[in-house]
Amino acid sequence: MELDKQDIKKTVFSGVQPSGVLHLGNYLGALSQWVEMQNQYNCIFCVVDYHAITVKQEPKELSRRILDVVKIYLASGINPEQAVIFQQSDITAHTELSWILNCASARLADLNKMTQFKEKGAKKESVSVGLYDYPVLMAADILLYNTDIVPVGDDQVQHVELTRTLAERFNRDYGQVFKIPEASVRKQGARIMGLDDPSKKMSKSASSPANYIALTDSPEMAAKKIKRAVTDSGSEIKFDLKKKPAISNLLVIFSLLSGINISELETNYKNKGYGDLKNDLAEEVSKFLREFQIKYNSFTDEEVKRILKDGADKIRPVANETLRRVKEKLGIN
Ligand code: AMP
Ligand code: TRP
């Protein structure tokens, strides 16, 4: 019997929150991986709006950002004919499974280990319960679709590990339901560092916009940020994370955008200075953004809403079937 191709394809699931600007770190660490995977795998990409509301959002802005994140997916090269794109809150199974996992699998001791919560929570006076519980909702997202692979930047690896733990515990205690997923991180690019401080990751919650290049920054602004980026002592252009963290970060960004590998870049810049590297990288980044933004601006809100609706309608039965099996195991079906 011939196997249907769909049956043997692995499933990929990932998501981005519609909160704050998306930056080059998101693109190089996560989105560009998704694009590469869509030809080979069953891909599902979510806009995780329930994750975004773990911190206060301005409602009008949030509605806007949900559509903008989809435009970023599309401009990155995600093809809605190949991959499913949907909005988390359109499928109620996510919050339902999240509650069930809260009760049946997740322990305080698990969540207390999550470093992202420690970082995010520490900065705030009042912290929502949702922010603490956020990794359990992420586990529900992943487990509903029998996911094999979760392409993310390295800050999310701990959450995928937790997902595995929750799934294994449920399977052990109630019977086999969940597939155990694995994180996929880039060898290079899993952690793009801030342009103003190469010891911290590029982040939308950075205190200064000099830290990141937003995918919506004007090419001129982005070029300026590259030229003003912090560098290391010395003058040699060499990939060395310990001694030259800033130059190494610029080389990684350059390499991923241009497709030229790092050792080749080192050779090209052998007798040149930091200024030359920055000028050329500024040019490369501007070119990338110019092309990206033409695509970004070519999609209408109406198109995006249609894509989200079609995506949710297509994928909802899979989520509901997993939820049904979970409830059956618990005796609440
Ligand atoms: P977030 O913006 O936190 O919702 O992250 C969306 C995706 O981008 C996740 O897969 C993150 O791991 C990834 N990501 C965020 N910041 C970076 C970074 N500085 N370098 C690489 N990947 C990142
Ligand atoms: N927590 C992820 C982040 O902040 C976003 C996310 C939510 C996610 N659910 C997911 C990523 C499922 C991968 C798979 O970046």
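Counting convention: from 1, in listed order, for ligands and their atoms alike. What you see is a predicted model; the values in this text were computed from it and never measured.
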Could you list which atoms of ligand 1 come closer than 4.0 Å to a heavy atom of I192? 18 (C), 19 (N), 20 (N), 21 (C)

Which protein residues come within less than 4.0 angstrom of ligand 2, counting heavy atoms only? F13, S14, G15, Q17, V48, H51, Y134, M138, D141, I142, V150, V152, Q156

For A30, the ligand 1 atoms with a heavy-atom partner under 4.0 Å come out as 7 (C), 8 (O), 10 (O)

Quick note on ligand 1: atoms under 4.0 Å from a heavy atom of V16 include exactly 6 (C)

Tell me, yes or no, whether the heavy-atom count around R107 atom CZ, taken from other residues, nucleotides or ligands under 6.0 Å, exceeds 12. yes

One thing to verify: whether K314 and D310 come together as a salt bridge, which I'm taking to mean a side-chain N less than 4.0 angstrom from a carboxylate O. no

Here the side-chain hydrogen bond (donor to acceptor under 3.5 Å, both in side chains) pairs for residues 180-205, sequence neighbours left out, are S32-R186, Q33-S184, E36-R186, D154-R191, D155-K201, D196-N211, D197-S199, D197-K200, S203-S205

Close N or O approach (G15, ligand 1; < 3.5 Å): no

Number the atoms of ligand 1 from 1 as they appear, then name those within less than 4.0 Å of a heavy atom of G189, with their elements. 21 (C)

Among D148, N146, N171, T322, the one residue meeting side-chain hydrogen bond (donor to acceptor under 3.5 Å, both in side chains) with K179: D148

For atom 22 (N) of ligand 1, the protein heavy atom that lies nearest, with its residue and separation: G25 O, 3.2 Å

Check whether NZ of the Lys or CZ of the Arg K272 lies under 6.0 Å from the centre of the six-membered ring of Y269 and within 45 degrees of that ring's axis. yes

Where ligand 1 meets G29 - atom numbers and elements under 4.0 angstrom, heavy-atom basis: 21 (C), 22 (N)

Taking the non-hydrogen atoms of S203, is any one of them nearer than 4.0 angstrom to ligand 1? no

Any N or O of D155 closer than 3.5 Å to N or O of ligand 1: yes

What atoms in ligand 1 come closer than 4.0 Å to a heavy atom of K204? 1 (P), 2 (O), 4 (O)

